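What follows is a single structure, written as structure tokens, with notes after it.
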Amino acid sequence: MSADRIDGKAFAAGLRERLAAAVPPFQAKTGRVPGLAVVLVGEDPASAVYVRSKGKATIEAGMASFEHKLPADTSQADLLAVVERLNRDDAVDGILVQLPLPKQIDEQTVIAAIDPDKDVDGFHVANAGRLAVGQQGFVPCTPLGCLMLLKDKLGNLSGKEAVVIGRSNIVGKPMAQLLLGENCTVTIAHSRTADLPAVVRRADIVVAAVGRPEMVKGDWLKAGAVVIDVGINRVPGAEEGKTKLVGDVDYASAAEVASAITPVPGGVGPMTIAVLLRNTVVAAYRRAGLPAPEGL
Ligand SMILES: NC(=O)C1=CN([C@@H]2O[C@H](COP(=O)(O)OP(=O)(O)OC[C@H]3O[C@@H](n4cnc5c(N)ncnc54)[C@H](OP(=O)(O)O)[C@@H]3O)[C@@H](O)[C@H]2O)C=CC1
Ligand SMILES: Nc1nc(=O)c2c([nH]1)NC[C@@H]1CN(c3ccc(C(=O)N[C@@H](CCC(=O)O)C(=O)O)cc3)C=[N+]21
């Protein structure tokens, strides 16, 4: 059997078109376009690439992009002052502070300083709490993107056995909350899980968010499982000196057993950026007191 390849890149392109279509009506009502501010501290090359692609996607959707690049030795107080300014700036609907931050800065303190109604990453405890109790808020982009792909593939998820590997605050935990909200039976596995292959073998839905290249093997899977691979791991490529991206799932062996699987690249990654824009459009409509358009 060869699994269907879930084309996250194509789904993300469709979502970005729907978002672009929501911008002119917003502009007609408010006289401005939704705005996303991205703050990058330091020169980490991978982070710089992501920040550039976020800015490009924002502008392509007809929205306003504000990029703030601060030196690696920026103090926490200076970063907090930037966040405060963005909180007060009416042209800014969404604020994203790129993680990880340099070691002199405490990430939780910075996240806590972001206005929860502009927290389009969904990392603020207010938004984590809203998700946990089922209130309207902002859901982290990566797990929300994974859920969109799963619902597109499977329709109703009710009653499915879902195993999430990884329990980070930004991927694993919110992913598990979302699947629970869809009435899945959810198991969260992590580095202390006793027999991970046996746990994964129960799953109709597997979400791998671990950060271990190609860890999940095909013979861990139940036949017909749907596999969402969140992992982004840069490993040495075939050619000397070159690198390539691989996920947390061994695609070749998993595709023999699964019914559908996301590739890396071209799966979850592009969804993360599209959902960031989606959350920004939704933030803009909410802040303007307007009902957010359907189908986002
Ligand atoms: N596509 C995208 O847009 C995004 C991709 N990512 C990628 O997703 C992956 C996970 O990211 P993130 O959640 O931030 O990572 P973290 O490092 O914060 O969390 C990793 C989780 O995996 C668990 N884990 C580690 N080793 C094992 C193991 N051998 N067996 C079982 N569980 C294990 C850890 O368990 P424990 O808690 O016990 O330590 C932890 O809960 C990374 O590859 C990252 O690059 C992340 C964000 C966005
Ligand atoms: N505050 C904050 N919010 C984040 O959402 C956030 C962050 N910090 N720090 C880093 C991680 C990682 N992340 C990715 C986004 C897009 C791709 C992506 O587009 N990946 C492409 C490949 C890109 C490439 O080729 O390098 C793909 O999978 O097809 C991947 C990873 C967001 N993150």
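Because the structure is predicted, anything quoted here is derived from the model rather than measured. Numbering of ligands and ligand atoms starts at 1, following listing order.
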- Query: Quick one: are Leu154 and Val226 in side-chain contact, heavy atoms under 4.5 Å?
  - Reply: yes

- Identify whether the distance between the nearest side-chain nitrogen and carboxylate oxygen of Lys222 and Glu161 falls below 4.0 Å. no

- Message: I need the single residue from Val249, Ile261, Thr262 that forms a side chain to side chain contact (heavy atoms under 4.5 Å, CB included) with Ile228. Which is it?
- Response: Thr262

- Side-chain hydrophobic cluster, 4.5 Å single linkage: members besides Val235: Val246

- Query: Any ion pair linking Asp90 and Arg32 (charged N to carboxylate O, less than 4.0 Å)?
  - Reply: no

- Message: In the structure I gave you, are the side-chain heavy atoms of Val38 and Ser65 within less than 4.5 Å of one another anywhere?
- Response: no

- Do Lys118 and Arg287 come close enough that some side-chain heavy atom pair is under 4.5 Å? yes

Which N or O atoms of ligand 1 sit under 3.5 Å from a protein N or O, and how far apart is each pair?
residue, atom, partner, partner atom, Å
ligand 1, 1 (N), Val230, O, 3.4
ligand 1, 3 (O), Thr142, OG1, 3.4
ligand 1, 3 (O), Thr272, OG1, 2.6
ligand 1, 13 (O), Ser168, OG, 2.6
ligand 1, 26 (N), Arg212, NE, 3.3
ligand 1, 26 (N), Arg212, NH2, 3.4
ligand 1, 32 (N), Ser191, N, 3.3
ligand 1, 35 (O), Ser191, N, 3.2
ligand 1, 37 (O), Arg167, NE, 2.7
ligand 1, 38 (O), Arg167, NE, 3.4
ligand 1, 38 (O), Arg167, NH2, 2.7
ligand 1, 38 (O), Ser191, N, 3.2
ligand 1, 38 (O), Ser191, OG, 2.5
ligand 1, 41 (O), Arg167, N, 2.8
ligand 1, 43 (O), Ile232, N, 3.2
ligand 1, 45 (O), Ile232, O, 3.4

- Residues clustering with Ile232 (ILVMFWY side chains joined when closer than 4.5 Å, directly or via others): Tyr50, Leu245, Val264

Can you produce the list of protein nitrogen or oxygen atoms under 3.5 Å from a nitrogen or oxygen of ligand 2, alongside each distance?
residue, atom, partner, partner atom, Å
ligand 2, 1 (N), Val97, O, 2.9
ligand 2, 1 (N), Asp121, OD2, 2.7
ligand 2, 3 (N), Asp121, OD1, 3.1
ligand 2, 3 (N), Asp121, OD2, 3.3
ligand 2, 8 (N), Leu99, N, 3.1
ligand 2, 9 (N), Gln98, NE2, 3.1
ligand 2, 9 (N), Leu99, O, 2.8
ligand 2, 19 (O), Gly269, O, 3.4
ligand 2, 29 (O), Gly266, N, 2.7

- Measure across Gly247 and Asn233 and return the closest heavy-atom pair with its distance rounded to 0.1 Å. O-ND2, 3.0 Å

